[in-house]
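Below, chains carry the letters A, B, ... as their sequence lines are ordered, and counting in each starts from 1.
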Amino acid sequence: MIDFLAELNEPQHQAVTHENGPLMIIAGAGSGKTRVLTYRIAHLMGSGVDAFNILSLTFTNKAAEEMRHRIEKIIGSEAKNLWMGTFHSVFAKILRFEGFRLGYTSNFTIYDTDDSKSLLKTIVKEFNLDDKTYKPNFILNRISGAKNNLISWQMYNENPVFQAEDISAQMPEIGRIYKTYAQRCFSANAMDFDDLLFNTNVLFRDYLDVLNKYQHKFKHVMVDEFQDTNISQYLITRKLSAVHQNICVVGDDAQSIYAFRGANIQNILNFKKDYPDLKVVKLEQNYRSTKNIVNAANSLIAKNKAQLEKKTFSDNEEGDRIEVIKAHSDNEEGKIIANTIFESKHQGLRNQDFAILYRTNAQSRAFEEALRKLNIKYRIIGGLSFYQRKEIKDLLGYLRYTVNQQDEEAFKRIINLPKRGIGDSTVAKIVVMASENQKSVWEIICNIKQYLEGRAMNSIETFTNLIKSYIIMEEEGKDAHTIAMNIAKTTGILHELYIDKTVEGVARHENVQELLNSIKQFVDNPENEDKTLGSFLQTVSLLTNADQEEDGDPDKVTMMTIHGAKGLEFKHVFVVGLEENLFPSQMMLRSREDLEEERRLFYVAITRAEKKLTLSYAEQRYNWGKLNFCEKSRFIDEIDPAYLKFDDRGSSYTPKGFDFESFGRKERPVVTAPPTRSQAIANLKPVSQAKPAPVHVPTVDFVPSDTKNLKPGDKVEHQKFGFGEVKKLDNLGPTAKAVIHFDSEGEKTLLLSFAKLRIVE
DNA sequence: ATATGATGGACGTAG
DNA sequence: TCCATCATAT
């Protein structure tokens, strides 16, 4: 079984076969890191280490699953017993077992960022502080930063340095907010993302028997993407490996891009100090990219001061030079790149060989539009994920509350959803009652008639009875899917979306169905032993962006932020939006360290490419409806020009394969010099054969028609949206709705009792 | 209690 | 541009 070692180069071989004692693998981009990690685990198991004695921490759950399958192929089904996953998911699992020592039950809730922010908002309101000064985002970052450095609310409030910082930021009350926030989370039996790591540290600090148990369990600890761990994570691994000293960290200081969430590059730079017998292996040969790409990346990263010494090189072919495209506007950048992909498909490349990488999620829009126009399939990783959609969070809110009635964020979300006549004032009264009587909200609403009266009381009883019926199902041991299906039906969530025939309503209904399907899959998956709601929720709340489900068609262009592209590779990569102030991002640039992190981010982007790399920037970009003029990013100039090829197609470029007639319709005006000849030709519209369309002029004295007898096919004029055609009508009567396709605005659903419509002819 | 339209402010990466 | 919040009407 050792024959897989034959394919390895010398340093890879060393890394794989090093069995005992601390090991640091400095793995340059494309150096076969995943293969080394996989083989190393396989090798350890081959030499007699039991799978359940190995802990391997990865950056995404997907990466863990892939690695597990690869090891399974080499070693066999024994690989199922490996402990693998992200820091958050592995230690959430441990806290489910051990958290009772800290006062949590095994089905504690995990608060996501939205829950945390909403809780902070409530606290700011309760303290009567100005919510324009005390922004939840800022406070959360502050608290998160503290937790990642293992600073509890007690320590925070005792330390005058933090107070001073908060006072100079005009927010002296942050310490008090931190305290209340922590206490509220605790009484809600909830942990936020940072608590999962913070509490693991507390657990290992205060319960030596627990620490001891896991120290002996995990004879080997491995950490991937070590450059992106924070202090809290680092200390966990250090404690766990203190007995056996078998810690293996893999990382690349040149790819450290998560300082903003507490990652500490010093972890990797100073690792040697903590482990004097450390063995260091450097993987410097890049098997992924062409010589040109590797050399270009090296010339860029050389500008950074803070780094470990390493020389990455490639023995691959020379490859094309890196193309730099100057586009006129953000939309044109989209067009040019979509068209380049369109044309390259004839050269044997498929959609899945392309990736478009950008600095911020908001930049995806122009590319989506352009790709859609050319019928090129794409997928977007990140952005607003499935689990952040309102309808999904609503149903999940019910699931959460069924599992944990102390979960106040879930309570607030679902108490009046679907609308059951329990308004804000009633909820406020309940919350006051709860704190006055030192009881939980759940205890109050279970006996609501003892505490309050009014017309909402019956609705509240109906609500508690619903929840109680779900709790009973949960206690009877029904699986997650059975309960979720029951909830979706009996609450009326499904029905409400079913009768909503607007475009959005149908999409939401489908989303809820999809959530139910995924719960079904979770329950049916033989690898999941625990099929309870609680188990499902834990899994779901720790999904990473990269864990998004695929719809079965892999042949799609991938679009994502550079952060999301970590660890991935594509034949042809486009790095877009290379404009000063966007990338490097304006607000990042407060110190040299910040600039260096942005530069590493660019380095990561470049090194995703195997064969071809294209960089682009736009001279004009719209931001929140405002036009900005942009300059080329300094990062382009930092690459040795010997590896670059400039292409100033700019606005004179006329891509093939475009339907300009339909493309030009919703296009934004380009504020610039008169169009060039070729552009003017491209923009010419064919002379229409039909009679000229009527012109819509928005007026104040618009006289609407009676729309009682409106029927599909009618042509109408709307005061604001202009001319359109009625597509569909439903719910005749006072709530009658019409789906109308407007010439300039596209499809809209209007409530007929409000819409000001004139029937044309 | 709820539905609608007007207004004003955001500005970023992720578990 | 898009979203959350507020004021107003039902």
>> By nearest heavy atom, map A/Ala456 and A/Lys132 onto DNA chain B; which one lands nearer the 5' end?
In response: A/Ala456

> Looking only at side chains, do A/Asn361 and A/Thr561 share a donor and an acceptor under 3.5 Å apart?
Replying inline: no

>> Rounded to whole Å, please give me the gap between CG in A/Leu601 and P in B/dT13.
In response: 11 Å

>> So A/Asn361, base contact, sugar-phosphate only, or nothing? Heavy-atom distance under 4.0 Å.
In response: sugar-phosphate

> When the nearest nucleotide of DNA chain B is assigned to A/Phe59 and to A/Lys626 on a heavy-atom basis, which residue is associated with the more 5' position?
Replying inline: A/Lys626

>> For A/Asp112, give me all partners under side chain to side chain contact (heavy atoms under 4.5 Å, CB included), at least two apart in sequence or on another chain.
In response: A/Asp114, A/Asp115, A/Phe193, A/Lys393

> Can a side chain N or O of A/Asn623 be found less than 4.0 Å away from OP1 or OP2 on C/dT1?
Replying inline: no

> Side chain of A/His563: nearest nucleotide among B/dA3, B/dA14, B/dG15?
Replying inline: B/dA14

> Nearest-Å distance, CD (A/Glu496) to C1' (B/dA3)?
Replying inline: 13 Å

> Yes or no on side chain to side chain contact (heavy atoms under 4.5 Å, CB included) for A/Tyr378 and A/Ser364, after CA distance, side-chain angles and deciding distance?
Replying inline: CA-CA 11 Å; A/Tyr378 62 86; A/Ser364 66; over 6 Å; no

> Any idea which of B/dG15, B/dA14, B/dA3 is nearest the A/Tyr258 side chain?
Replying inline: B/dA14

>> Quick check on B/dA1: is either OP1 or OP2 less than 4.0 Å from any side-chain nitrogen or oxygen of A/Ser425?
In response: yes

> Any side-chain donor paired with an acceptor under 3.5 Å for A/Asp192 and A/Tyr181?
Replying inline: yes

>> How many whole angstroms separate atom CD of A/Gln233 from atom C1' of B/dA14?
In response: 12 Å

> Base, sugar-phosphate, or nothing for A/Phe87, non-hydrogen atoms under 4.0 angstrom?
Replying inline: nothing

> Taking the P atom of each, how far is C/dA4 from B/dT13, in whole Å?
Replying inline: 16 Å

> Tell me: CZ of A/Arg621 to C1' of B/dG12, nearest whole Å?
Replying inline: 15 Å

>> Quick check with a 6.0 Å cut-off and a 45 degree axis cone: is A/Arg261 positioned over the face of A/Tyr258's six-membered ring?
In response: yes

> Within the structure, does a side-chain N or O atom of A/Thr426 lie under 4.0 Å from either OP1 or OP2 of B/dA1?
Replying inline: yes

> Would you say a side-chain N or O of A/Asn416 is under 4.0 Å from OP1 or OP2 of B/dT2?
Replying inline: yes

> So, A/Lys412 versus A/Thr122: side-chain donor-acceptor pair below 3.5 Å or not?
Replying inline: yes

>> For the base of B/dT13 and the side-chain ring of A/Phe260, does the geometry meet a stacking cutoff of under 5.5 Å between centres and under 30° between planes?
In response: yes

>> Going by salt bridge (charged side-chain N to carboxylate O under 4.0 Å, His left out), name the pairs with one or both residues in residues 413-430 of chain A, residues two or more places apart or in two chains.
In response: A/Asp394-A/Arg413

> A/Asp547 has an atom CG; how far is it from atom C1' of B/dG15, in whole Å?
Replying inline: 10 Å

With the criterion being N/O to N/O and under 3.5 Å, what pairs connect the protein with nucleotides 4-6 of chain C, and how long is each?
residue: C/dT5; atom: OP1; partner: A/Lys121; partner atom: NZ; Å: 2.8

> A/Asn141 side chain N/O closer than 4.0 Å to the phosphate oxygens (OP1, OP2) of B/dG12?
Replying inline: no

> When the distance from CG of A/Leu582 to C1' of B/dT13 is rounded to whole Å, what number comes out?
Replying inline: 12 Å

> Between B/dA10, B/dG15, B/dA1, which one does the side chain of A/Asn545 approach most closely?
Replying inline: B/dG15

>> Under a plain distance cut-off of 3.5 Å, with no hydrogens placed, do A/Asn189 and A/Thr109 share a side-chain donor-acceptor pair?
In response: no

> Just to confirm, is there a sub-4.0 Å distance from OP1 or OP2 of B/dT13 to any side-chain nitrogen or oxygen of A/Ser585?
Replying inline: no

> Quick one: A/Leu542 CG to B/dA14 C1', roughly how many Å, whole number?
Replying inline: 13 Å

> Roughly, in whole Å, what's the span from CE in A/Met560 to P in B/dA14?
Replying inline: 11 Å

>> Between B/dG12 and C/dT5, how far apart are the two C1' atoms, rounded to whole Å?
In response: 23 Å

>> The side chain of A/Thr561 is closest to which nucleotide in this list: B/dA14, B/dA3, B/dG15?
In response: B/dA14

>> For the residue pair A/Asn628 / A/Arg621, report whether a side-chain donor-acceptor contact shorter than 3.5 Å exists.
In response: no

> Reckon A/Lys135 touches a base, only the sugar-phosphate, or nothing at all at heavy-atom distances under 4.0 Å?
Replying inline: sugar-phosphate

